[in-house]
There are 2 protein chains.
Amino acid sequence: MITLYLAEDQSMLNSALTQLLELEDDLHVVGSASDGVTAWTEIQQLQPQVAILDIEMPALLGLDVADRIKAAGLTTKVIILTTFAQKAYFERAVAAQVAGYLLKDSPSDDLIEAIRKVMQGQTVYAPELVVNMLSANNNPLTERELAVLAEADKGLPTKTIAANLFLSAGTVRNYLSAIFSKLGVHNRLEAIKLAKQNKWLV
Amino acid sequence: MITLYLAEDQSMLNSALTQLLELEDDLHVVGSASDGVTAWTEIQQLQPQVAILDIEMPALLGLDVADRIKAAGLTTKVIILTTFAQKAYFERAVAAQVAGYLLKDSPSDDLIEAIRKVMQGQTVYAPELVVNMLSANNNPLTERELAVLAEADKGLPTKTIAANLFLSAGTVRNYLSAIFSKLGVHNRLEAIKLAKQNKWLV
DNA sequence: GTGAAAAGATGACATTTGTCATATCATAAT
DNA sequence: ATTATGATATGACAAATGTCATCTTTTCAC
């Protein structure tokens, strides 16, 4: 019998999956949560064999939970279950040595299959991710540029951004200009949109 | 036996729900799709008693499918199943006289219950929506202002916005200025953020 | 049918942005 | 030791943006 914990903040999917997994003779869902903090607390107590974690959850990202599971030395294997194939998330997941990374864009039977494979020691990655990995869309922005862009994203004018980051207004505009040129756009809005699309900016 | 059709583009949820609904003795899923066009085609052929439609799907919105079902005079009852409580969507759904409007933020049992109620002629609306409706956080922007803001949101410069809407650049700036003053902000970015927060802008 | 909004326009002006050249200093890589 | 890169800054200039006053037409409610 494989014991499972499910952390997924979309109730419809959470409850549907829970019931579905329970139908399998060799699977048992010992608990579920719709936020990261609850998940982390309960996983420590229940020590399930496999934890299925959504990434985007209130309070704590699934990836953060994965990090903690690893840091705490639990034997719980982690399967990340998320909506989109985003490189940044996938990289973090790999770094946290998760056992599986599935997309919600695949049928529920894939999840069941993945659980069994993971318990046999295999790692299961959605093929889309691997492809995505190879087509390196790496963040061209430096840390400072990102900081400036993040301020700009708040809708603040140059002066305020400068004040917030203890820079001169000119420097801020330089950074923005550098950002635009790297991203091939011509104003803040476009830069922000692009950076968000690529998840360089949250 | 109630015949169902399920249109949902997130495969994990689609397959999980299909299997779950099939477990109920009085429910039968006659078909499912992950895009609006397929859904519409098959609903016409299969004429299910209830169609469960996601809103955001490729090719055709669930709401569009609902409109067509109504226009074609089918007896198929529609339950909209969507992620967020957005007033605009809800209003369209009510206008299309859908029988139910559920959020994915509710457990799957709610859906099953809703299906049975709908077949008894009841309408089922998520309570969050009704609350949202009453707390009239009414949009102070006119249709035209919204259109301008939507263009601005694409990151386009004034000229291009003007060209796209067949307006003069000056008019566009006037509209933006009017928007800022109504919203109490001083630039596009802030206006867009505020409008999105209030769901006046998608 | 009058009056109030809303849609649309123009022109002028001040401010904010975006671009560019150029410079210093620190650090990391070869 | 030299070179590249990143962080930081200035000054100058052009282009885009935001503000205001003012004007016309259409539409819709009373």
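Here is how names work: the chains are called A, B, and so on, in the same order as the sequence lines, proteins then strands, and each is numbered from 1.
Across the protein-nucleic acid pair, A/E143 atom CD and D/dT8 atom P stand 10 Å apart, rounded to whole Å. Rounded to a whole Å, the CZ atom of B/R144 is 14 Å from the C1' atom of D/dT26. For B/I161 and C/dG8, the CD1 to C1' distance is 16 Å, given to the nearest whole Å. Rounded to an integer number of Å, the gap from CZ of B/F166 to P of C/dA7 is 17 Å. Taking atom CD of residue A/E151 and atom P of nucleotide C/dT17, one finds them 14 Å apart after rounding to whole Å.
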Please determine whether side chain to side chain contact (heavy atoms under 4.5 Å, CB included) holds for the pair A/L17 and B/M12, giving the CA-CA distance in whole Å, both sets of side-chain angles, and the decisive distance to 0.1 Å. CA-CA 9 Å; A/L17 282 180; B/M12 184 73 55; 4.2 Å; yes

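Taking only distance into account, the side chain of B/R173 meets the base of D/dG18 through a donor-acceptor pair shorter than 3.5 Å.
Only A/N174, A/S177, A/F180, A/H186, A/N187, A/R188, listed by number, bring a heavy atom of residues 174-192 of chain A to less than 4.0 angstrom from any atom of DNA chain C.
In this structure, the nucleotide among C/dT10, C/dA7, D/dA9 sitting nearest to the side chain of A/L167 is D/dA9.
A salt bridge does not link B/D153 to B/R188: none of the charged nitrogens lies less than 4.0 Å from a carboxylate oxygen. We find that A/E190 and B/K154 are not joined by a salt bridge, their nearest charged nitrogen and carboxylate oxygen being 4.0 Å or further apart.
A donor-acceptor contact closer than 3.5 angstrom is absent between the side chains of A/Q10 and A/D54. Counted by atom type alone, B/T38 and B/D35 present one or more donor-acceptor pairs between their side chains at under 3.5 Å.
Qualifying side-chain contact (heavy atoms from CB on, under 4.5 Å) partners for A/S168, counting only residues two or more places apart in sequence or in other chains: A/T171.
Distances shorter than 4.0 Å separate none of the side-chain N or O atoms of A/T171 from OP1 or OP2 on D/dA7. A close approach under 4.0 Å does occur between a side-chain nitrogen or oxygen of A/T158 and OP1 or OP2 of C/dT17.
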